[in-house]
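Right, one structure below, let's go through it.
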There are 2 protein chains.
Amino acid sequence: MYRIGELAKQCQVKADTLRFYEKHGLLAPSVRSDAGYRLYSNMDAARLRFILRAKAVGFSLNEIAELLSIELDKANWACADVKGMVDTKLVQVQLKLAELEHFRDSLQSLSEACCGGPESAEHCSILEALESSSQAVRREAGTACEPQIQVHANNKAQAKLGRQSC
Amino acid sequence: MYRIGELAKQCQVKADTLRFYEKHGLLAPSVRSDAGYRLYSNMDAARLRFILRAKAVGFSLNEIAELLSIELDKANWACADVKGMVDTKLVQVQLKLAELEHFRDSLQSLSEACCGGPESAEHCSILEALESSSQAVRREAGTACEPQIQVHANNKAQAKLGRQSC
DNA sequence: ATAAACCTTAGAGTCAACTCCAGGGTCAAG
DNA sequence: CTTGACCCTGGAGTTGACTCTAAGGTTTAT
């Protein structure tokens with residue numbers, strides 16, 4: 001059993017945050033000591049890690065509470081309800097995964113294309129990578145081009161030539 | 001070129017949000033009309049989509065601004081700086097990816113284990129899946145067990161027996 | 001030429017998620 | 001038996017990210 005400060009330190013959050021989570025129904029210690037101290041079990045700690053992981057990938061505390069409520073109210077719900085809820089979250093997670101993979105790919109190609117040397121990054125192909133990562137709408141021929149875009153088109157040509165953009 | 005309301009609708013945000021992003025240095029329209037109206041190019045739109053994608057996977061606006069500043073200040077930085085920054089973000093993204101995959105796996109096993117029928121979910125293996133998804137610290141033999149944990153151990157036995165937890 | 005539907009700014013308000021503070025209780029070490 | 005490090009509660013304050021309001025200017029359709 002951990003006291004609030006111990007669990008907080010272990011998970012790199014503040015004790016206040018744990019009290020906040022308790023007030024909002026996300027995580028209550030399974031036991032209190034005689035003096036009223038919160039005592040957290042290993043299961044409580046696991047639940048906290050679950051919460052923090054969900055938070056780190058962009059879920060709000062409300063969404064997390066919804067997910068966790070499955071665990072709490074499970075006697076009052078039908079399997080179908082539970083499965084529906086889980087599947088909904090699953091779709092959300094898969095969408096996030098796809099976005100993150102897209103994200104990673106663009107950062108990766110950015111990193112690979114950049115020589116990493118001491119030169120100015122002025123001609124680095126960052127712009128290009130970010131653009132393609134953002135699914136930039138292709139410029140149709142005939143559209144007015146700003147100066148920067150000229151530079152960028154230039155970069156693209158360079159990159160094509162020798163994969164050397166810096 | 002899109003006016004603020006058009007771009008906002010296209011990306012499912014409010015016009016106010018775009019003005020907010022401009023004030024905070026994330027996205028400025030490349031042109032203003034004679035009357036002072038903001039006019040966004042396709043590149044601006046791509047940049048906005050990049051911002052929204054990053055936000056959806058849990059990056060703060062400050063972190064996103066940091067990433068985007070690469071694009072803006074590239075003339076003032078060495079390639080090494082840029083590469084370092086990108087690689088740092090890349091590590092963060094890969095961490096998030098790992099968490100999300102872990103997350104997806106636990107939701108998936110949850111969904112598969114649950115029959116989805118009209119029965120009470122009381123004996124559904126949700127607890128188990130959430131626990132394992134949270135990398136629950138293994139209970140050592142000899143540690144005091146709460147009643148719920150007994151129930152859970154029971155569930156686990158059921159699940160082992162026939163993969164039928166509902 | 002005028003109403004509806006846009007746009008502008010500056011500044012105030014809202015909401016989520018903490019974070020801190022005051023005033024007090026608990027507990028192990030010296 | 002007190003000192004210092006912890007804990008408690010209730011409530012106020014902060015930060016990030018919008019979101020809205022007021023007071024006005026612009027565009028477009030009739």
Side-chain angles (χ1 to χ4, degrees), chain A residues 1-41 44-45 47-69 89 92 96 99, chain B residues 1-41 44-45 47-69 89 92 96 99:
Chain A
M1 290 301 219
Y2 318 100
R3 280 184 310 177
I4 195 165
E6 292 170 331
L7 181 58
K9 184 174 266 180
Q10 204 181 93
C11 292
Q12 322 216 65
V13 296
K14 299 240 163 82
D16 278 328
T17 302
L18 299 188
R19 292 193 199 97
F20 176 81
Y21 286 170
E22 181 172 352
K23 195 157 65 186
H24 290 73
L26 280 109
L27 176 70
S30 31
V31 187
R32 291 269 185 144
S33 77
D34 287 352
Y37 284 23
R38 290 168 178 81
L39 295 175
Y40 296 89
S41 69
D44 297 333
R47 192 177 165 105
L48 175 57
R49 281 192 295 274
F50 181 86
I51 292 167
L52 297 177
R53 184 164 330 116
K55 228 169 61 69
V57 294
F59 284 105
S60 71
L61 294 193
N62 278 346
E63 290 175 307
I64 298 169
E66 200 183 331
L67 247 174
L68 288 172
S69 70
K89 286 290 167 204
Q92 285 174 31
K96 273 184 203 293
E99 305 236 302
Chain B
M1 291 302 216
Y2 317 99
R3 280 186 309 180
I4 195 166
E6 292 170 330
L7 180 59
K9 183 175 268 182
Q10 204 181 93
C11 292
Q12 322 216 65
V13 296
K14 298 240 161 83
D16 279 328
T17 302
L18 298 187
R19 292 194 198 96
F20 177 81
Y21 286 170
E22 181 172 353
K23 196 158 64 186
H24 290 74
L26 279 109
L27 175 71
S30 31
V31 186
R32 291 273 186 142
S33 77
D34 287 352
Y37 283 22
R38 290 168 178 84
L39 295 175
Y40 296 89
S41 69
D44 296 334
R47 192 178 165 104
L48 175 57
R49 282 191 295 272
F50 180 86
I51 292 167
L52 297 178
R53 183 161 333 115
K55 228 171 58 71
V57 295
F59 283 106
S60 72
L61 295 192
N62 279 345
E63 289 174 308
I64 298 168
E66 199 184 333
L67 246 175
L68 288 172
S69 71
K89 285 291 167 202
Q92 285 173 33
K96 274 184 202 291
E99 305 235 303

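Scope of the values below: all heavy atoms of this structure, side chains included, with no hydrogens, waters or symmetry mates. Letters A, B, ... mirror the listed sequences (proteins, then strands); counts begin at 1.
L48(A) has its side chain out of reach of Y40(A): every pair of non-hydrogen atoms, C-beta onward, lies at least 4.5 Å apart.
Only one option out of V13(B), L61(B), L26(B) pairs with K55(B) in a side-chain contact (heavy atoms from CB on, under 4.5 Å); it is L61(B).
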Residues K96(A), E63(A); criterion salt bridge (charged side-chain N to carboxylate O under 4.0 Å, His left out); working and verdict: CA-CA 14 Å; K96(A) 273 184 203 293; E63(A) 290 175 307; 5.8 Å; no
Working for side chain to side chain contact (heavy atoms under 4.5 Å, CB included), residues F50(B) and L67(B): CA-CA 10 Å; F50(B) 180 86; L67(B) 246 175; 4.2 Å; yes
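The ring-ring contact (aromatic ring centres under 6.0 Å, His included) check on Y21(B) picks up nothing, with sequence neighbours excluded. Partners of Y37(B) by ring-ring contact (aromatic ring centres under 6.0 Å, His included), not counting sequence neighbours: none found.
Of the residues in residues 57-66 of chain B, those with a non-hydrogen atom less than 4.0 angstrom from any atom of DNA chain D are S60(B), L61(B). Residues of residues 6-17 of chain A that place a heavy atom closer than 4.0 Å to DNA chain C, in numerical order, are K14(A), D16(A), T17(A).
Here the shortest heavy-atom pairing between C11(B) and R49(B) reads SG-CG, 4.2 Å. Between L27(B) and D44(B) the shortest heavy-atom distance is CD1-O, 3.4 Å. Residues A8(A) and A15(A) share a closest heavy-atom pair of CB-N, 3.7 Å. Between A45(A) and Y2(A) the shortest heavy-atom distance is CB-CE1, 4.2 Å. P29(A) and R32(A) make their closest contact through CG-NE, 4.4 Å (heavy atoms, listed as atom of the first residue, atom of the second, distance).
Note on R19(B): a base of the nucleic acid sits closer than 4.0 angstrom, heavy atoms only. R3(B) comes within 4.0 angstrom of the backbone, heavy atoms only, and of no base.
Protein chain A touches strand DNA chain C; the 5'-most and 3'-most nucleotides with an atom under 4.0 angstrom of its non-hydrogen atoms are dA17(C) to dC27(C). If you walk DNA chain D from 5' to 3' and mark each nucleotide with an atom closer than 4.0 Å to a heavy atom of chain B, the marks span dA17(D) to dT27(D).
Between Y37(A) and K23(A), it is K23(A) whose nearest contact on DNA chain C lies nearer the 5' terminus.
Here the NZ atom belonging to K9(A) is positioned 12.5 Å from the CG atom belonging to L7(A), to the nearest 0.5 angstrom.
Using modelled atom types, no side-chain atom of R47(B) and backbone atom of A28(B) make a donor-acceptor pair closer than 3.5 Å.
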